[in-house]
Number of protein chains: 2
Amino acid sequence: MVGNSLKIHDIVIGRLPIYLRALTFLSAEGQEITSSHELGQKLGISSAQIRKDLSHFGEFGKQGTGYNIEYLSQQLQRILQVDREWETALIGAGDLGRALAHYGGLRERGFRITAIFDNNPAKQGQKLGDCVVKDSARMAEVIKEYGYRVAIIAVPAAAAQQVADICVEAGVKAILNYAPITLSVPADVHVQYIDPVLHLQRMSYYL
Amino acid sequence: MVGNSLKIHDIVIGRLPIYLRALTFLSAEGQEITSSHELGQKLGISSAQIRKDLSHFGEFGKQGTGYNIEYLSQQLQRILQVDREWETALIGAGDLGRALAHYGGLRERGFRITAIFDNNPAKQGQKLGDCVVKDSARMAEVIKEYGYRVAIIAVPAAAAQQVADICVEAGVKAILNYAPITLSVPADVHVQYIDPVLHLQRMSYYL
DNA sequence: TAGATTGTTAATCGATTAACAATC
DNA sequence: TAGATTGTTAATCGATTAACAATC
């Protein structure tokens, strides 16, 4: 059955990119067909869970055969809205900003950094990846003019909330925040966090 | 009641570093006391959940008053085993490795990169943060000799599984993996993943 | 056909929350 | 005391899994 009207929970959405990543990997290896069992084995997820997750969005497999990798990839890309390229603003041109600007994996998977801001005059004018670093003072103006809806915050913790406020005010609806603080944003703005130390501390508990 | 014998679930462990981070932030602002309600407000987590999570490990608050921030911080650090410094090996001295090596936040919060490896001869011998980049060929030897139990993988996807295998064989028990693939490791080895694109794709679903 | 695998149901399991006695 | 907040219980809510008919 195609998408009954019950709300799909975010935890399900969170697994779709993992499935997509695994499918892309298999495809690159030349494989054409896979099964929920094989995918589950590789990802450490039960096959039932994978089938259940996918069933929220449609029927993508064939009984007895499994899933066509290319087709399922395309469907997941469509569902996740990464069958297009999202212009992404990057705030912060430090070491981390530099790494992100140079990372080709973003573009391959639906996101392209096309504007970079930093408040350090020494960085402004520098070329990083495809972009020239702009003054942070122009952030609101540029985000509004080009209609950026996705931003990556890679500035120190002390500046992150202020940067987020400017992004939100300018129309950004999705923020990937590398600063080690929880941001305060309106309910219609999505935030995801990356803080390596949280992950390390979670593991050191078990050591 | 202090730690009844039921297993504490990993999802609870995963929130403790977030609480610790918020407490450190409040402490830096000069605040001495907080409540589950205040913490929850700042983090977007219910106060009941915070109290429940903490109750797995002991009684850290006072009725009518709340929690002493310094005391609770210390207790969380002890529980998470970050009341010490974990020597951490970093594999990969590209842009990302460089950003990690320069990032002071790791050391402040319990993890210190004291060995860096790269298979590119041009990188070997370079100084990055406190370390000189070593040949990846020496990885197993160095990890064994100094007893590293924590490693950060910041190499391209194609090399990540092989690097993980070497780390595991040499005794590493906790891996933070930045490569966009799911690693295959023995059950007693913990892996955490950071892939910015997974987060971005999770948000673009809603745009 | 025989074997394999899907999509879905129902049962189980785990996580979250509301509520409140205890008490600072 | 009066007000506030903890730690804990019980109820609710959500997520996962086992099982299987359908069918390729």
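Here is how names work: the chains are called A, B, and so on, in the same order as the sequence lines, proteins then strands, and each is numbered from 1.
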Which nucleotide sits closest to the side chain of B/Ser36: C/dT17, D/dT6, D/dT17? D/dT6
Return whichever of A/Ile11 or B/Gly66 has its heavy-atom-nearest nucleotide of DNA chain D closer to the 5' end. B/Gly66
Nucleotide C/dA15, atom C1' - distance to NZ of B/Lys7 in whole Å: 14 Å
Distance-only, no hydrogens or angles: does the A/Glu29 side chain make a donor-acceptor pair with backbone N or O of A/Gln31 under 3.5 Å? no
Which heavy atom in B/Ala164 sits nearest to a heavy atom in B/Leu183, and how many Å separate them? CB-CD1, 3.9 Å
Once you apply a heavy-atom cut-off of 4.0 Å, does A/His37 come out as touching a base, just sugar-phosphate, or nothing? nothing
Rounded to the nearest angstrom, tell me the gap between atom CD1 in A/Ile45 and atom P in D/dA15. 15 Å
Ignoring hydrogens and geometry, is there a side-chain-to-backbone donor-acceptor pair from B/Gln201 to A/Arg109 under 3.5 Å? yes
How many whole angstroms separate atom CD1 of A/Ile50 from atom P of C/dT8? 16 Å
How many whole angstroms separate atom CD1 of B/Ile8 from atom P of C/dA15? 12 Å
Whole angstrom value for the distance that separates C1' of C/dT8 from CD of A/Gln49: 15 Å
Complement of D/dA11, any strand, by Watson-Crick or G-U distances under 3.5 angstrom: C/dT16
Contact class for A/Leu54 (heavy atom, under 4.0 Å): base, sugar-phosphate, or nothing? nothing
Verify, without hydrogens or angle tests, whether A/Trp86 (side chain) and A/Gln81 (backbone) share a donor-acceptor contact under 3.5 angstrom. yes
Of the nucleotides D/dT8, C/dT9, C/dG7, which has the atom closest to the A/Ser55 side chain? C/dG7
Contact class for B/Ser47 vs. all strands (heavy atom < 4.0 Å): base, sugar-phosphate, or nothing? nothing
Pairing donors with acceptors under 3.5 angstrom, does anything connect the side chains of A/Asp53 and A/Tyr19? yes
Candidate nucleotides C/dT17, C/dT9, D/dG7, ranked by approach to the side chain of B/Glu59 - the nearest: D/dG7
Could you identify which residues of residues 12-30 of chain B place a heavy atom less than 4.0 Å from some atom of DNA chain C, listed by residue number, or say none? B/Arg15
Which base, if any, makes a Watson-Crick or G-U wobble pair with D/dA21, both distances under 3.5 Å? C/dT6
Grab the N/O contacts between the protein and nucleotides 20-24 of chain D below 3.5 Å, and write none if there aren't any.
from	atom 1	to	atom 2	distance (Å)
D/dT23	O4'	A/Gln63	NE2	3.4
D/dC24	O4'	A/Gln63	O	3.2
D/dC24	O2	A/Gln63	O	3.4

Are the side chain of A/Glu70 and the backbone N or O of A/Glu32 linked by a donor-acceptor pair below 3.5 Å? no
Would you call the rings of B/Tyr206 and A/His190 parallel, tilted or perpendicular, taking 30° and 60° as the class edges? parallel
When you check the phosphate oxygens OP1 and OP2 of D/dA4, does a side-chain N or O of B/Tyr67 lie under 4.0 Å from one of them? no
Write down the distance between CG (B/Leu72) and C1' (D/dT5), rounded to a whole number of angstrom. 14 Å
Expected output: side-chain B/Ser27 to main-chain B/Thr24 donor-acceptor under 3.5 Å: no
For B/His102, does the NE2 atom have more than 12 heavy-atom neighbours from other residues, nucleotides or ligands under 6.0 Å away? yes
Strictly distance-based, threshold 3.5 Å: is any side-chain N or O of B/Lys173 a donor or acceptor partner for the main-chain N or O of B/Arg149? no
Separation of B/Lys52 atom NZ from D/dA11 atom C1', in whole Å? 12 Å
Between A/Ser46 and D/dT16, is there a side-chain N or O to OP1/OP2 distance below 4.0 Å? no
Starting from P on C/dA15, measure out to NE2 on B/His56 and report it in whole angstrom. 9 Å
